[in-house]
Visitor: 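Following this message is one structure expressed as structure tokens.
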Amino acid sequence: MNFLAHIYLSGNNDEIKIGNFMADSIKGKKYQKYPRNIQKGIILHRAIDFYTDTHPVFRESTHRLFSEYSHYSGVIVDIFYDHFLASNWTKYSPVPLKDFTLNFYDLLKENFAILPTKVKSFLPYMIEDNWLLSYAEIDGIEKVLSGMNRRTGRKSNMNLAVKELKQYYPEFEKEFKIFFDDVTRFSKVKLEKIEIL
């Protein structure tokens, strides 16, 4: 799952949303220095990632890409799935996607001091180009994949994966919908069970 899905799966607690969003920049036990609900968000993020990587439907999606993109296939499918969440947003949330994204950016700006350095460095670009809203369009996904390809030294060729997204669009969308129902249920249960000592 990519940014939009992780934020959505955090529920309504702002600190859990922040923790889930920034979790990839927090290694090992360093999460323990953060406030309780941010810790919960980080732990939830890690649980969602493990659940995603081992889910048979997600693996079906990645298998379709593996011959071309090898170990980058999972990253690409994460981004594809954010596209399907954004493009089907009204099915999942009564709050318009534009409002949801702007509210989240405001939340991050209000809590800028607590964000890891890595997140602080890309946040202005994320807000300026409204990454979360751009996921709803294939052009937006292409831009995200191109940026990720640059960050891998152009070794991943992820920028080319829009071709497979277009070619297998109904298959990816069907898999997303099955998977997302499962991961939504999983996240709600997991969130209730997380205990911070």
Side-chain angles (χ1 to χ4, degrees), residues 1-55 58 74-86 88-89 91-127 129-136 140-141 144 148 176 179-197:
M1 298 275 84
N2 203 42
F3 288 133
L4 184 61
H6 274 293
I7 299 160
Y8 174 85
L9 294 170
S10 299
N12 295 319
N13 184 290
D14 286 346
E15 287 188 321
I16 291 174
K17 286 181 185 177
I18 293 169
N20 200 338
F21 169 74
M22 70 185 202
D24 281 334
S25 299
I26 311 295
K27 304 305 177 188
K29 294 187 177 181
K30 291 182 179 178
Y31 74 92
Q32 293 174 343
K33 71 177 185 177
Y34 289 96
R36 183 183 182 88
N37 280 325
I38 288 184
Q39 289 186 46
K40 278 190 174 184
I42 295 168
I43 293 168
L44 177 64
H45 180 108
R46 293 175 179 182
I48 290 169
D49 278 356
F50 181 80
Y51 180 85
T52 300
D53 291 341
T54 56
H55 195 285
F58 184 84
V75 178
I76 295 167
V77 173
D78 280 341
I79 294 165
F80 284 4
Y81 279 16
D82 255 18
H83 165 67
F84 291 113
L85 175 57
N88 292 281
W89 185 256
K91 178 184 174 187
Y92 300 102
S93 175
V95 180
L97 181 58
K98 184 177 181 180
D99 295 344
F100 182 88
T101 60
L102 294 177
N103 290 340
F104 184 68
Y105 297 146
D106 286 343
L107 176 66
L108 293 178
K109 286 186 277 189
E110 289 162 13
N111 293 274
F112 189 79
I114 206 167
L115 300 176
T117 303
K118 183 180 176 182
V119 175
K120 287 178 178 175
S121 67
F122 72 69
L123 187 60
Y125 304 103
M126 182 181 193
I127 294 172
D129 292 336
N130 201 344
W131 292 358
L132 299 176
L133 186 64
S134 76
Y135 293 158
I141 295 300
V144 171
M148 297 190 79
F176 161 77
F179 169 78
F180 203 70
D181 286 346
D182 288 350
V183 76
T184 300
R185 284 190 293 269
F186 167 81
S187 300
K188 285 177 181 174
V189 172
K190 182 66 180 178
L191 198 47
E192 289 172 4
K193 291 183 176 178
I194 294 172
E195 293 184 7
I196 306 297
L197 300 177

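Since this is a predicted model, take the numbers as computed values, not measurements.
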Visitor: Name all residues meeting the side-chain hydrogen bond (donor to acceptor under 3.5 Å, both in side chains) criterion together with Asp181; count only those two or more places apart in sequence or in a different chain, and write none if there are none.
Guide: none

Visitor: Which heavy atom of Gln39 sits nearest a heavy atom of Tyr31, and at what distance?
Guide: CG-O, 3.1 Å

Visitor: Report, one line per pair, each donor and acceptor closer than 3.5 Å where one atom sits in a side chain of residues 20-28; sequence neighbours left out.
Guide:
{"residue": "Asn20", "atom": "OD1", "partner": "His6", "partner atom": "ND1", "Å": "2.9"}
{"residue": "Asn20", "atom": "OD1", "partner": "His45", "partner atom": "ND1", "Å": "2.9"}
{"residue": "Asn20", "atom": "ND2", "partner": "His6", "partner atom": "O", "Å": "2.9"}
{"residue": "Asn20", "atom": "ND2", "partner": "Ser10", "partner atom": "OG", "Å": "2.9"}
{"residue": "Asp24", "atom": "OD1", "partner": "His45", "partner atom": "NE2", "Å": "3.0"}
{"residue": "Lys27", "atom": "NZ", "partner": "Asp24", "partner atom": "O", "Å": "2.8"}

Visitor: Could you grab the distance from atom CD1 of Ile114 to atom CD1 of Ile18, nearest 0.5 Å is fine?
Guide: 7.0 Å

Visitor: Show the atom names and distances, to 0.1 Å, of all donor-acceptor pairs under 3.5 Å that link a side chain in residues 183-191 to residues at least two apart or in another chain.
Guide:
{"residue": "Thr184", "atom": "OG1", "partner": "Phe180", "partner atom": "O", "Å": "2.7"}
{"residue": "Arg185", "atom": "NH2", "partner": "Asp182", "partner atom": "OD1", "Å": "2.5"}
{"residue": "Ser187", "atom": "OG", "partner": "Val183", "partner atom": "O", "Å": "2.8"}

Visitor: Quick one: salt bridge (charged side-chain N to carboxylate O under 4.0 Å, His left out) partners of Asp129, sequence neighbours excluded?
Guide: Lys143

Visitor: Within the distance-only criterion (no hydrogens, no angle test), does the side chain of Ser93 pair as donor or acceptor with the backbone N or O of Trp89 below 3.5 angstrom?
Guide: no

Visitor: How many angstroms lie between NZ in Lys193 and CD1 in Ile43, if you round to the nearest 0.5 Å?
Guide: 14.5 Å

Visitor: For Tyr135, which residues count as a side-chain hydrogen bond (donor to acceptor under 3.5 Å, both in side chains) partner, sequence neighbours excluded?
Guide: Asn2

Visitor: Using side chain to side chain contact (heavy atoms under 4.5 Å, CB included), reason through Asp14 and Glu110 one step at a time and then give a plain yes or no.
Guide: CA-CA 11 Å; Asp14 286 346; Glu110 289 162 13; over 6 Å; no

Visitor: Using a 3.5 Å cut-off and no angle test, enumerate the donor-acceptor pairs between side-chain atoms of residues 100-109 and protein atoms at least two apart in sequence or in another chain.
Guide:
{"residue": "Thr101", "atom": "OG1", "partner": "Leu97", "partner atom": "O", "Å": "3.2"}
{"residue": "Thr101", "atom": "OG1", "partner": "Lys98", "partner atom": "O", "Å": "2.9"}
{"residue": "Asn103", "atom": "ND2", "partner": "Asp99", "partner atom": "O", "Å": "3.1"}
{"residue": "Tyr105", "atom": "OH", "partner": "Asn130", "partner atom": "OD1", "Å": "2.7"}
{"residue": "Tyr105", "atom": "OH", "partner": "Trp131", "partner atom": "N", "Å": "3.4"}
{"residue": "Tyr105", "atom": "OH", "partner": "Leu132", "partner atom": "N", "Å": "3.2"}

Visitor: So, do Phe179 and Thr52 sit near enough that their side-chain heavy atoms are less than 4.5 Å apart?
Guide: yes

Visitor: Answer whether the closest heavy-atom distance between the side chains of Leu4 and Tyr81 falls below 4.5 Å.
Guide: no

Visitor: Using a cut-off of 6.0 Å, state whether more than 12 heavy atoms not belonging to Lys91 lie near its atom NZ.
Guide: yes

Visitor: Go through the structure and list residues passing side-chain contact (heavy atoms from CB on, under 4.5 Å) with Asn37, not counting sequence neighbours.
Guide: Asn13, Glu15, Ile16, Lys40

Visitor: Could you check whether any side-chain N or O of Tyr8 sits under 3.5 Å from a backbone N or O of Tyr92, counting only pairs where one atom can act as donor and the other as acceptor?
Guide: yes

Visitor: Where do Phe176 and Val77 land on the side chain to side chain contact (heavy atoms under 4.5 Å, CB included) test, with the steps shown first?
Guide: CA-CA 9 Å; Phe176 161 77; Val77 173; over 6 Å; no

Visitor: Which residues pass the side-chain contact (heavy atoms from CB on, under 4.5 Å) test with Lys120, not counting sequence neighbours?
Guide: Phe112, Leu115

Visitor: Quick one: pull up NZ in Lys29 and CD1 in Ile42 and give me the separation to the nearest 0.5 Å.
Guide: 14.5 Å

